[in-house]
Amino acid sequence: MSDPVQRPVHDPAHGSGGPAAATWQSKAAMIVPLLVFFVLAAAIDTSPVRDGETINAQAYLISVIARVVAMSAMMLWFGKEIVRQFPLAIDRWGWIVGIVGAAVWIGVCSLDLERQLIQAVGLSDDWLPQREGVNPFATYQPGFELIGFLMVRFTLLAVCVPIAEELFLRGFVMRAFEAENWPALPLHEIGRNGLIVGTVYGIATHPAEFIAAALWFSLVSWLMVKTGKFWNCVIAHGVTNLILGIYVCLTGTWHLW
C-alpha cells in the first residue's frame, strides 16, 4: 500500500520539465511490450494447413509462447523505467473494479447488445469481426499439450496483455494527449481529452464488443482517476481477463477468447 495518489518519480537523468523529459527509455518502456505482441501475432502464420481445421494448432501454440516470452523479456528489460514512472502500489479498488468489469463485459456480450443496436438502426452487422475462437479442448491433445497451452494462454491473457496494454494506453497514449511532457503527468490529472481517447481506443481495438469495451475502459479510467495508481488498472485488467477466460472455457463461448 502507498499514498492515495501515485506520482511519477523524477531523477536528474530524466529531468523534470520540457520535452526532453520524454526520453527514449520513457517511450520504449510504454510502447515496446505491446508492439511486440502485435508484431509476433502478425509474423507467425496460424492459417489452417488442412481442410476442416479452424487454425494451425502448432503455429498458434508457438505464437502464444513467443508472445509470452518476448513480452515478458521486454517488460523485464524496461522494468526499472516502468517502476520509476509507476511505483508498485495497489489497493482493493483494482480487484473490485476487475470483478465488476468482468460482470459488465460478460453481461453485455451475453445479451449481444452490439449486434442488436446495429440492427435496430437498420445497418448490416456483417462487418462485425470475430476473433480466432480457438477451442483448446478440441484442438490440443489431453495432457501435457492441453495443459501447456492453457497455462501460456492464460499467462498471456491475464498477465502479459494487461501490463503491456495499460503501459501503452494509460502510460503513454492518454498522457501524451494531455501534455507534451507526458512522463511528468500523474494519472489522476489526466483530463477530458485523455479520458475520451482511452474509451475510443477500447472501442477501436474491440469493435465486435464496442459497447462492452466503452463501458469497461471508461470504468477503468474512473479507477485511474480515483486512485491515481497505475497498478490498480493492471490488476483490474488482469482480473477481468482471468474471469473472462474462465467463463469462456466453462461455457464454450470461444468467440470471446
Side-chain angles (χ1 to χ4, degrees), residues 30-31 33-35 37-38 41 67 71 93-121 123-134 153-154 156-178 187 190-227 230 232-249 251 253-257:
M30 302 297 108
I31 296 171
L34 190 63
L35 179 62
F37 172 89
F38 286 113
R67 281 179 280 175
M71 292 171 74
W93 284 106
W95 304 95
I96 293 171
V97 169
I99 294 170
V100 172
V104 169
W105 195 286
I106 292 170
V108 170
C109 291
S110 297
L111 294 173
D112 204 15
L113 293 183
E114 291 84 3
R115 198 172 302 276
Q116 290 187 45
L117 177 60
I118 291 173
Q119 293 173 347
V121 297
L123 299 176
S124 172
D125 59 9
D126 293 340
W127 60 271
L128 282 177
Q130 292 291 329
R131 302 189 188 189
E132 292 165 321
V134 178
R153 185 66 179 88
F154 271 90
L156 182 66
L157 182 70
V159 180
C160 295
V161 167
I163 297 174
E165 191 165 31
E166 293 301 328
L167 284 172
F168 178 71
L169 178 59
R170 303 184 203 282
F172 172 60
V173 174
M174 293 174 70
R175 290 197 292 171
F177 265 83
E178 288 290 331
L187 294 182
I190 292 177
R192 181 179 61 184
N193 291 340
L195 296 175
I196 291 173
V197 167
T199 299
V200 170
Y201 168 90
I203 294 171
T205 53
H206 301 80
E209 304 98 11
F210 62 88
I211 296 178
L215 294 173
W216 188 90
F217 278 84
S218 297
L219 177 63
V220 179
S221 290
W222 169 84
L223 170 70
M224 176 192 72
V225 173
K226 174 181 173 59
T227 69
F230 170 79
N232 269 351
C233 300
V234 172
I235 290 293
H237 200 149
V239 168
T240 292
N241 280 9
L242 176 61
I243 294 173
L244 181 60
I246 294 171
Y247 169 82
V248 166
C249 289
T251 62
T253 49
W254 306 113
H255 65 283
L256 296 178
W257 185 248

| field | Point-to-point distance, once rounded to the nearest 0.5 Å, from CD1 of Ile190 to CD of Glu178 | value | 7.0 Å
| Any idea which heavy atoms bring Pro33 and Ala164 closest together, and the distance? | CB-CB, 3.8 Å
| message | Using the ring pair (Phe, Tyr, Trp, His ring centres under 6.0 Å) criterion, which residues pair with Phe172? Sequence neighbours excluded. | response | Trp182
| Atom of Ser218, atom of Thr199 and distance for their closest heavy-atom approach | OG-OG1, 3.0 Å
| said: Keeping Glu209 on the side-chain end and Cys109 on the backbone end, is there a donor-acceptor pair under 3.5 Å? | reply: no
| query | Under the side chain to side chain contact (heavy atoms under 4.5 Å, CB included) test, which residues partner Trp95, sequence neighbours left out? | reply | Ile90, Ile235, Val239
| message | Between Met71 and Leu156, is there a side-chain heavy-atom distance shorter than 4.5 Å? | response | yes
| task | For the pair His206 and Phe217, name the ring-plane relationship: parallel under 30°, tilted 30 to 60°, perpendicular over 60°. | result | tilted
| field | Distance (rounded to the nearest 0.5 Å) between Leu187 CG and Glu166 CD | value | 9.5 Å
| task | Please name the pair of heavy atoms, one in Leu195 and one in Met224, separated by the smallest distance, quoted to 0.1 Å. | result | CD2-CE, 3.8 Å
| Do the side chain of Thr205 and the main chain of Gly202 share a donor and acceptor less than 3.5 angstrom apart? | yes
| What pair of heavy atoms forms the shortest contact from Met174 to Ser221, and how long is it? | CE-OG, 3.8 Å
| message | Which heavy atom of Gly245 sits nearest to which heavy atom of Leu157, and what is that distance? | response | CA-CD2, 3.7 Å
| To the nearest 0.5 Å, what is the distance between CG (Asn193) and CZ (Arg175)? | 16.0 Å
| task | With side-chain contact (heavy atoms from CB on, under 4.5 Å) as the test, would you mind laying out the steps for Trp257 and Arg153 before giving the verdict? | result | CA-CA 10 Å; Trp257 185 248; Arg153 185 66 179 88; 3.0 Å; yes
| Shortest non-hydrogen contact from Phe154 to Leu242? | CD2-CD1, 3.8 Å
| query | With sequence neighbours left out, what residues match Thr253 under side chain to side chain contact (heavy atoms under 4.5 Å, CB included)? | reply | Tyr247, Val248, Thr251, His255, Leu256
| Under the side chain to side chain contact (heavy atoms under 4.5 Å, CB included) test, residues paired with Val197 that sit two or more places apart | Val173, Phe177
| said: Taking the ring centre of each residue, are Trp105 and Phe210 less than 6.0 Å apart? | reply: no
| With sequence neighbours left out, what residues match Val100 under side chain to side chain contact (heavy atoms under 4.5 Å, CB included)? | Ile96, Val104, Leu219
| query | Roughly how far, to the nearest 0.5 Å, is CG of Leu111 from CG of Leu117? | reply | 13.0 Å
| task | Would you give the length of the straight line joining atom CD1 of Ile106 to atom CG of Leu244, rounded to the nearest 0.5 angstrom? | result | 5.5 Å
| message | Name the residue from Phe230, Phe168, Trp216 that meets the ring-ring contact (aromatic ring centres under 6.0 Å, His included) definition with His237. | response | Trp216
| Going by heavy atoms in the side chains, are Leu215 and Val108 under 4.5 Å from each other? | yes
| field | Atom pair CZ/OH of Arg170 and Tyr201 - distance to nearest 0.5 Å | value | 9.5 Å
